[in-house]
Peer 1: 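Structure provided below as C-alpha cells; questions to follow.
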Amino acid sequence: MVDMWAFRDAVDRWAAGGPGGPADESAVRLGLRTAVLLEGRSDLAAVEALASLRGRDLAAEGVSVLSLGGAMSVGRYADLLGPSGLGLRLTGLCDEREQRYYDRALRRAGASSGGFFVCVADLEDELIRALGTARVEEIIRAEGDLRAWQTFLRQPAQHDRPRHQQLRRFLGTKKGRKIRYGLLLVEALAPGQVPAPLDELFASL
C-alpha cells in the first residue's frame, strides 16, 4: 500500500506540472494495468471500503484508485494515465451533470468513456437512496452527529427539501464529513444494496 500511495503522490505532482518519471517508474514496479478515476476523496473512501468488504486487493490486481480533486481535472489525468501517457486502462465514476464533459475529455485523450459509470447526482446520493433515509439517520445518530443534524434541519433553506436531499447536503457541510460517511455508508450496505454505478464499476475491474 505504501507503493500505491507513492504512485498517487507521483501522479498528483505530475498533474501539477512536475516530472512524469516517478509515476512511470511506480506504475511499472506495481504492475499497474488500470486507473480508477474518482472525483474526490469521499468517493475514494467509498471505493476502498467496498473493496475491503469484498476481499479485493486492488493494488495486487494492478488497479490504482485515484482522486482527481475535482471533475474538471479528468482531462489532465486522462492525458497522463491513458493511451497517450502511461497506457493504463481508464475507468471510474462520474456525476450525470458532468458526463458530457467526461466524454469530451476522455475522447481527446484517446480513451473510451465506456468504462465510466454514472451517478445521478453523486455517489453520496446513490448511497443514501440505496440505504434509505431512515438508515442513514441511524448512522448519523450512532456517529454522535445527531445534534448537528437537528441543528442543520432547523435552517430555513432545508425546510422544503426532500429528506434525501437534506442528508446529501448535510454530509457536505463540514470538512472531512463526506469522506468519513463515504466509508460508513458503504460499510452499512446489505448484500444487494450496492448502488448500480458502484457495483458495475467493481464488476468491470
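Because the structure is a prediction, the values reported are computed rather than measured.
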Peer 1: Are Leu37 and Leu201 linked, directly or through intermediate hydrophobic residues, by side-chain heavy-atom contacts shorter than 4.5 Å (ILVMFWY only)?
Peer 2: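 Hydrophobic grouping puts Leu201 apart from Leu37.
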Peer 1: Walk me through it: do Val65 and Arg8 pass the test side-chain contact (heavy atoms from CB on, under 4.5 Å)?
Peer 2: CA-CA 8 Å; Val65 185; Arg8 290 173 177 171; 3.9 Å; yes
Peer 1: For a 4.5 angstrom cut-off between non-hydrogen side-chain atoms, does Asp122 reach Leu93?
Peer 2: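 Not in contact.
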Peer 1: In terms of hydrophobic clusters joined by side-chain contacts under 4.5 Å, are Phe116 and Leu198 together?
Peer 2: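 No, it is not one cluster - the side chains of Phe116 and Leu198 are not joined through contacts under 4.5 Å.
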Peer 1: Any carboxylate oxygen within less than 4.0 angstrom of a Lys/Arg side-chain nitrogen, looking at Arg141 and Glu138?
Peer 2: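 No.
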Peer 1: Between Leu106 and Ser112, what is the shortest heavy-atom contact and its length?
Peer 2: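 Where Leu106 meets Ser112 most closely, the heavy atoms are CD1-O, 4.2 Å.
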Peer 1: What closest approach, in Å, do Ala111 and Leu90 show between heavy atoms, and which atom pair accounts for it?
Peer 2: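 Heavy atoms only, the tightest pair is CB-CD1, 3.9 Å.
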Peer 1: Looking at every non-hydrogen atom in both residues, tell me the closest pair between Leu167 and Glu137 and how far apart they are.
Peer 2: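 So the minimum-distance heavy-atom pair works out to CD2-CG, 4.0 Å.
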Peer 1: Hey, could you give me the CG/OG1 distance between Leu81 and Thr34, rounded to the nearest 0.5 Å?
Peer 2: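 Separation between the atoms: 11.5 Å.
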Peer 1: Measure the OG-CG distance between Ser73 and Leu66 for me, rounded to the nearest 0.5 Å.
Peer 2: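 Between Ser73 OG and Leu66 CG, I get 12.0 Å after rounding to 0.5 Å.
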Peer 1: Kindly determine whether Arg107 and Asp103 satisfy salt bridge (charged side-chain N to carboxylate O under 4.0 Å, His left out), including the steps that lead there.
Peer 2: CA-CA 6 Å; Arg107 188 164 54 248; Asp103 288 345; 5.7 Å; no
Peer 1: Count I, L, V, M, F, W, Y as connected when their side-chain heavy atoms are under 4.5 Å apart, and connections chain through other members. Are Trp149 and Val136 then in the same cluster?
Peer 2: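 Trp149 clusters together with Val136.
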Peer 1: Determine, using the 4.5 Å side-chain heavy-atom cutoff (strictly less than), whether Leu131 and Ile128 are members of one ILVMFWY cluster.
Peer 2: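 Yes, one cluster joins them.
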Peer 1: Do the numbers put Arg177 on top of the ring of Phe170, so that NZ or CZ is under 6.0 Å from the six-membered ring centre and no more than 45° off the axis?
Peer 2: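 So Arg177 does make the cation-pi contact.
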Peer 1: How far does CG of Asp12 sit from CG of Leu68, to the nearest 0.5 angstrom?
Peer 2: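 Answer for the CG-CG pair, Asp12 versus Leu68, is 9.0 Å.
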Peer 1: Drop me the distance from Leu86's CG to Leu88's CG, to the nearest 0.5 angstrom.
Peer 2: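 So the CG of Leu86 and the CG of Leu88 are separated by 5.0 Å.
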Peer 1: Just checking Arg147: does its CZ atom have more than 12 heavy atoms from other residues, nucleotides or ligands closer to it than 6.0 angstrom?
Peer 2: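 Atom CZ in Arg147 is not packed in, count stays at 12 or less.
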Peer 1: Decide yes or no on side-chain contact (heavy atoms from CB on, under 4.5 Å) for Tyr181 and Ile140, but give the supporting numbers first.
Peer 2: CA-CA 9 Å; Tyr181 277 93; Ile140 288 171; 4.0 Å; yes
Peer 1: Do the side-chain N and O atoms of Gln166 and Arg163 include a donor-acceptor pair separated by under 3.5 angstrom?
Peer 2: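 Side chains of Gln166 and Arg163: pair found under 3.5 Å.
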Peer 1: Considering only heavy atoms from C-beta outward, does the side chain of Asp3 approach that of Ser26 to under 4.5 Å?
Peer 2: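 No; the side chains remain at least 4.5 Å from each other.
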Peer 1: With respect to Glu124, which candidate in Arg168, Lys178, Arg169 satisfies the salt bridge (Lys or Arg N to Asp or Glu O under 4.0 Å) definition?
Peer 2: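 Output: one option passes, namely Lys178.
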Peer 1: Measuring from Asp24:CG to Arg29:CZ, what's the distance to the nearest 0.5 Å?
Peer 2: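 CZ of Arg29 is found 10.5 Å from CG of Asp24.
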Peer 1: Should Phe117 and Leu38 be counted in the same cluster of Ile, Leu, Val, Met, Phe, Trp and Tyr side chains packed under 4.5 Å apart?
Peer 2: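 Yes; Leu38 is reachable from Phe117 via cluster members.
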Peer 1: Regarding Arg56 and the six-membered ring of Phe202, is the cationic atom NZ or CZ under 6.0 Å from the ring centre and inside 45° of its axis?
Peer 2: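 No, cation not above the ring by the 6.0 Å, 45° rule.
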Peer 1: If you count the non-hydrogen atoms of other residues, nucleotides and ligands that lie under 6.0 Å from CZ in Arg41, is the total more than 12?
Peer 2: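 Open.
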